[in-house]
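Report on the following structure.
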Number of protein chains: 2
Amino acid sequence: MAPRSRRPERRQEPLSRERIVTAAVELLDTVGERGLTFRALAERLATGPGAIYWHITGKAELLGAATDAVVAAAVTAEPTGTADSPQDAVRAVALGLFDATEAHPWLATQLATQLSRTPWGTVAPRIFESLGRQVQAMGVPEAHWFTATSALMHYILGAAGQNAVNSASAPSAGPSGHHVDRDEFLGTVSTAWQGLDPDEYPFTRAVADQVRGHDDREQFLAGISLVLAGIAALHRPAR
Amino acid sequence: MAPRSRRPERRQEPLSRERIVTAAVELLDTVGERGLTFRALAERLATGPGAIYWHITGKAELLGAATDAVVAAAVTAEPTGTADSPQDAVRAVALGLFDATEAHPWLATQLATQLSRTPWGTVAPRIFESLGRQVQAMGVPEAHWFTATSALMHYILGAAGQNAVNSASAPSAGPSGHHVDRDEFLGTVSTAWQGLDPDEYPFTRAVADQVRGHDDREQFLAGISLVLAGIAALHRPAR
DNA sequence: ACAGCGACTGGAACGGCGTTCCACTCTGGA
DNA sequence: TCCAGAGTGGAACGCCGTTCCAGTCGCTGT
């Protein structure tokens with residue numbers, strides 16, 4: 001028999017690793033890296049800190065799982081129907097990751113941490129696989145698969161890390177204030193670079209005004225094209 | 001006895017920002033990122049935590065200064081006389097950073113953090129300048145200076161981050177145990193990749209054995225060549 | 001010679017963190 | 001019906017970054 005109404009059920013839904021990770025991502029997105037604490041997470045899940053440890057080993061695993069979840073979503077997403085060429089497919093994967101680091105400002109730092117701390121995890125293979133298949137499709141000889149795919153991945157991760165916006169002053173979060181903040185940010189960098197010592201930093205000063213008002217995505221894609229051109233030049237000379 | 005006519009000098013050397021940063025780097029190298037605490041730092045400097053705050057704003061600035069010090073040393077170093085070509089000069093700068101991340105396992109994570117948190121700091125311009133001068137010397141048209149230099153920097157930072165070894169199990173630190181650990185590490189990754197789902201990760205599994213026993217530096221330089229080839233192909237078509 | 005005064009020191013204390021511990025509740029199977 | 005154990009959650013522990021402040025040091029004007 002099921003005596004219905006009486007029991008309010010210990011909780012609406014039972015705690016689970018998935019629910020915890022989802023809440024962690026939301027917390028990271030809203031209050032930033034420093035805001036993700038076991039206490040805040042417990043409060044959001046209407047439980048205590050101890051309960052979380054039944055499902056997750058510790059904070060390292062929590063951050064790893066959050067990173068993996070976001071990367072998986074970014075890499076899996078197939079935005080525009082089907083890509084025409086392997087090169088376009090590479091661009092799609094790269095843009096997926098790029099957009100993910102913009103949507104989740106904490107992602108760039110975490111990617112660096114996760115990949116250097118536990119490269120045998122699921123994050124690296126996910127990215128590596130989706131890029132590598134396209135390298136394969138481009139006709140690169142097998143001996144150069146690893147080199148070419150690694151170069152692509154390294155560039156993407158490096159660029160994504162660079163373009164992540166500051167997440168310290170989190171809670172402003174204007175839904176449309178994005179571009180304004182970005183322009184202001186670039187202006188700050190440009191001005192700072194122009195104020196450098198002319199003897200020590202002539203080149204950086206010379207390109208400082210190219211920084212102001214440039215398009216991140218465009219710049220990012222230009223770099224992708226550059227690496228792709230390098231792959232074509234070095235690893236497919238006779239075609 | 002009169003209480004002290006002689007003064008033992010408050011300390012051998014007075015506290016200074018430079019001494020603090022040096023000690024912080026040593027602490028990071030020996031006990032890792034988690035081992036750098038204000039208490040440990042104070043003990044090493046024979047003082048209290050409070051004294052450090054007179055010279056350094058907080059932990060963020062401390063980590064930034066440590067990163068900057070190591071990067072400055074790595075970029076400034078001119079290892080082998082004079083480089084023959086701009087391309088070789090780029091390789092020299094890149095290898096300097098690559099070696100620095102091997103000597104200081106904490107550097108990769110910190111670079112990502114510093115560059116995404118305070119890109120107007122001194123770290124980014126240092127790297128950007130030393131790479132950009134060579135891009136300039138390669139004859140790249142001015143309109144593409146920023147794109148080409150950024151691509152180089154992004155690849156270098158991404159690759160350096162990837163190749164940083166695990167620093168959690170720090171204190172083994174055998175002076176000659178380096179290669180053994182590295183081989184063991186690569187073996188672990190290779191085995192892990194071979195054990196992936198054949199349906200989801202066919203490419204990663206296919207290149208898994210290329211991972212085992214490969215030379216990090218060689219691989220890194222191959223990637224540099226690839227980006228350089230891309231620059232030559234796209235930004236200097238008529239020469 | 002000496003009082004005065006910033007620059008600088010360092011130990012104590014505070015709030016908050018990750019993590020551990022454990023008494024407890026709930027539930028499925030014997 | 002009852003019990004073993006999966007699952008829970010609040011209290012407590014040790015350590016962290018940071019702040020506070022009573023001192024000490026070495027210089028300055030007189």
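Convention: sequence-line order gives letters A, B, ...; per-chain numbering from 1. For the numbers below, each heavy atom of this structure counts, side chains included, while hydrogens, waters and symmetry mates do not.
When side chains are defined from C-beta on, Leu107(B) does not count as touching Leu28(B), because their heavy atoms never get closer than 4.5 Å. Side-chain contact between Glu61(B) and Arg17(B) is present, with heavy atoms from C-beta onward closer than 4.5 Å. At least one side-chain heavy atom of Gln110(B) sits less than 4.5 Å from a side-chain heavy atom of Glu33(B).
DNA chain C lies under 4.0 Å from at least one heavy atom of each of the following residues of residues 59-70 of chain A: Lys59(A).
Rounded to whole Å, the distance from CG on Leu41(B) to P on dC16(D) is 12 Å. Atom CD of Glu43(A) and atom P of dG18(C) are 14 Å apart (whole Å). Straight-line distance from the CD1 atom of Ile52(A) to the C1' atom of dA6(D): 17 Å, rounded to whole Å. When the P atom of dG10(C) is taken as reference, atom CG of Leu15(B) falls 7 Å away, rounded to whole Å. Between Arg17(A) atom CZ and dG7(D) atom C1' the separation is 17 Å, expressed in whole Å. Rounded to whole Å, the distance from CZ on Phe38(B) to C1' on dG15(C) is 17 Å. At whole-Å resolution of the value, CZ in Arg34(A) and P in dG15(C) are 17 Å apart. Rounded to whole Å, the distance from OH on Tyr53(B) to P on dA13(C) is 18 Å.
Between His55(A) and dA6(D) there is no side-chain polar atom (N or O) within less than 4.0 angstrom of OP1 or OP2. OP1 or OP2 of dC8(C) has at least one side-chain nitrogen or oxygen of Trp54(B) nearer than 4.0 Å.
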For nucleotides 10-15 of chain D, list the nitrogen or oxygen atoms of the protein found under 3.5 Å from its nitrogen or oxygen atoms, one pair per line.
unit_1, atom_1, unit_2, atom_2, d
dG10(D), O6, Gly50(A), N, 3.4

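The aromatic rings of Trp120(B) and Phe185(A) sit perpendicular, their planes meeting at an angle over 60°, well past the 30° parallel limit.
Ionic pairing of Arg126(B) and Asp68(B) is present here: one or more N-O contacts between side-chain nitrogen and carboxylate oxygen are shorter than 4.0 angstrom.
For Phe220(A) and Phe98(A), the ring centers are positioned less than 6.0 Å apart. Remark: aromatic rings of Phe146(B) and His214(A) are close, center separation under 6.0 Å. Under the 6.0 Å cut-off for aromatic ring centres, Trp193(A) and Phe128(B) qualify, their centroids lying closer than that.
Identified under the salt bridge (charged side-chain N to carboxylate O under 4.0 Å, His left out) test for residues 208-221 of chain A, with sequence neighbours left out: Asp99(A)-Arg217(A), Arg182(A)-Asp216(A).
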